[in-house]
2 protein chains.
Amino acid sequence: MTLNDTLLRLKTLGVKITPQRQEILKVLLGEERYYSAEEILKKVQERYPAVSFDTVYRTLYLLKRLGLVVELNFQGGHRRFEFNHEDKHHHHLVCLKCGKSQKLSCCPTDCLTRIKKEHPEFAITSHSFEIYGYCRKCQGLESLG
Amino acid sequence: MTLNDTLLRLKTLGVKITPQRQEILKVLLGEERYYSAEEILKKVQERYPAVSFDTVYRTLYLLKRLGLVVELNFQGGHRRFEFNHEDKHHHHLVCLKCGKSQKLSCCPTDCLTRIKKEHPEFAITSHSFEIYGYCRKCQGLESLG
DNA sequence: CTCCTAGATCGTAATTATTCCGATCTAATT
DNA sequence: AATTAGATCGGAATAATTACGATCTAGGAG
Ligand SMILES: [Mn+2]
Ligand SMILES: [Mn+2]
Ligand SMILES: [Zn+2]
Ligand SMILES: [Zn+2]
């Protein structure tokens, strides 16, 4: 998904295209990874020093409602956001020490179809699946804080 | 798992058994569901009015390190804790409106074994798998806040 | 049983993350 | 160019979590 595609999509949905929103999207589309709200704020401030957390959060939640952004809630209460690249739905292998992550090649679709059958009255909108542990570098250092 | 079993386990591990810790365990063992830190504080305060958040959080993290408690991080940044009943490992179907949940009958074990093979250098310690949406009661009310 | 001490708790303050809000601004339509 | 619904800013408010010094106590030694 390119920036222009995304902007077109927003325009179609009747959402205003502001420079701040464009800049937030540029960050999210820049590297294919997840970001904290603060990381996004810092990056956007390089171009627009006056931008506020309010704008970042409002934009992220807007994009989430539109299905363009995914919210990730990791162990320890760490909240992250990443662009929802079409056909690139994925989950993460997250190191509890350094926070680095790798994409997982696998999504529990069989569980999902089973649960849909078992709970037909429940309107499923999303799911999360993350695996935690320690990467090679951080093994043995778990207890050193 | 009963309270006495758990206390014995803690004793074996060289952890002090305080009345506050016992009370927190009683809450967690009482109903087989997850709790917020605040819910636990309130319940424990019924017996020990002076107990503090500090004690609740420290105890929860202690129990988590010992594998007796699981930390759940739901959409919206909601953090919950539940007792890790042996052989009752499970995941949740969570309503985004009312917060009520149901146990899932299914754990993505095939994904997990696959990931272990693909990332033998990574030391996996835990995983999360939650499904979100709207329960029957809350359907159609999603947008009413 | 009493003493001792490492570790636990309390009370409160500090920190962090997120949300709220009134004043001002602006994208997009007319 | 004027209009206005919706967006942004700056800062305050709220909520969640962590920190810390003073005090207390569980559990082991004697
Ligand atoms: Mn990712
Ligand atoms: Mn549960
Ligand atoms: Zn998936
Ligand atoms: Zn599982």
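To find a chain, count down the sequence lines: A is the first, B the second, and so on, and within it residues start at 1.
A salt bridge links A:Lys42 with A:Glu38; the closest basic N to acidic carboxylate O contact falls under 4.0 Å. Taking 4.0 Å as the cut-off between side-chain N and carboxylate O, A:Lys88 and A:Glu82 do not count as a salt-bridged pair. Between A:Glu71 and A:Arg80 no salt bridge is recorded (no basic side-chain N to carboxylate O distance below 4.0 Å). Salt bridge status for A:Lys43 with A:Glu23: absent, with no side-chain N to carboxylate O gap under 4.0 Å.
The six-membered or imidazole ring of B:Tyr35 lies away from that of B:Phe83, with a centre-to-centre distance of 6.0 Å or more. Ring centers of B:Tyr34 and B:Phe74: under 6.0 Å apart, within the cut-off.
Between the side chains of A:His90 and A:Glu32, not a single donor N or O lies within less than 3.5 Å of an accepting N or O. Judged purely by distance below 3.5 Å, without hydrogens or angles, the side chains of A:Ser105 and B:Arg114 pair a donor atom with an acceptor atom.
The footprint of chain B on DNA chain C, defined by a heavy-atom cutoff below 4.0 Å, extends from C:dA6 to C:dG11.
OP1 and OP2 of D:dT25 both lie 4.0 Å or more from every side-chain N or O belonging to B:Gln20. In terms of phosphate contacts, A:Thr55 brings a side-chain nitrogen or oxygen within less than 4.0 Å of OP1 or OP2 of D:dC9.
Straight-line distance from the CG atom of B:Leu13 to the C1' atom of D:dA26: 16 Å, rounded to whole Å. Rounded to an integer number of Å, the gap from B:Glu23 CD to D:dA26 P is 14 Å. When the C1' atom of D:dA26 is taken as reference, atom CG of B:Leu10 falls 13 Å away, rounded to whole Å. Distance A:Lys16 NZ to D:dT3 C1': 11 Å, rounded to the nearest Å.
Below 30°, between 30° and 60°, or above 60°: for B:Phe129 and A:His127 the angle between ring planes is above 60°, a perpendicular geometry.
A:Pro19 comes within contact range of the sugar-phosphate backbone alone, with a heavy-atom separation under 4.0 Å but no base atom that close.
Remark on DNA chain C: of its neighbouring residues B:Ala50 and B:Val15, the 5'-side contact belongs to B:Val15, judged by nearest-heavy-atom nucleotide.
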Using a 4.0 Å heavy-atom cut-off, write out nucleotides 14-20 of chain D from 5' to 3' as B (base contacted by protein), S (sugar-phosphate only) or - (no contact).
--SSBBB
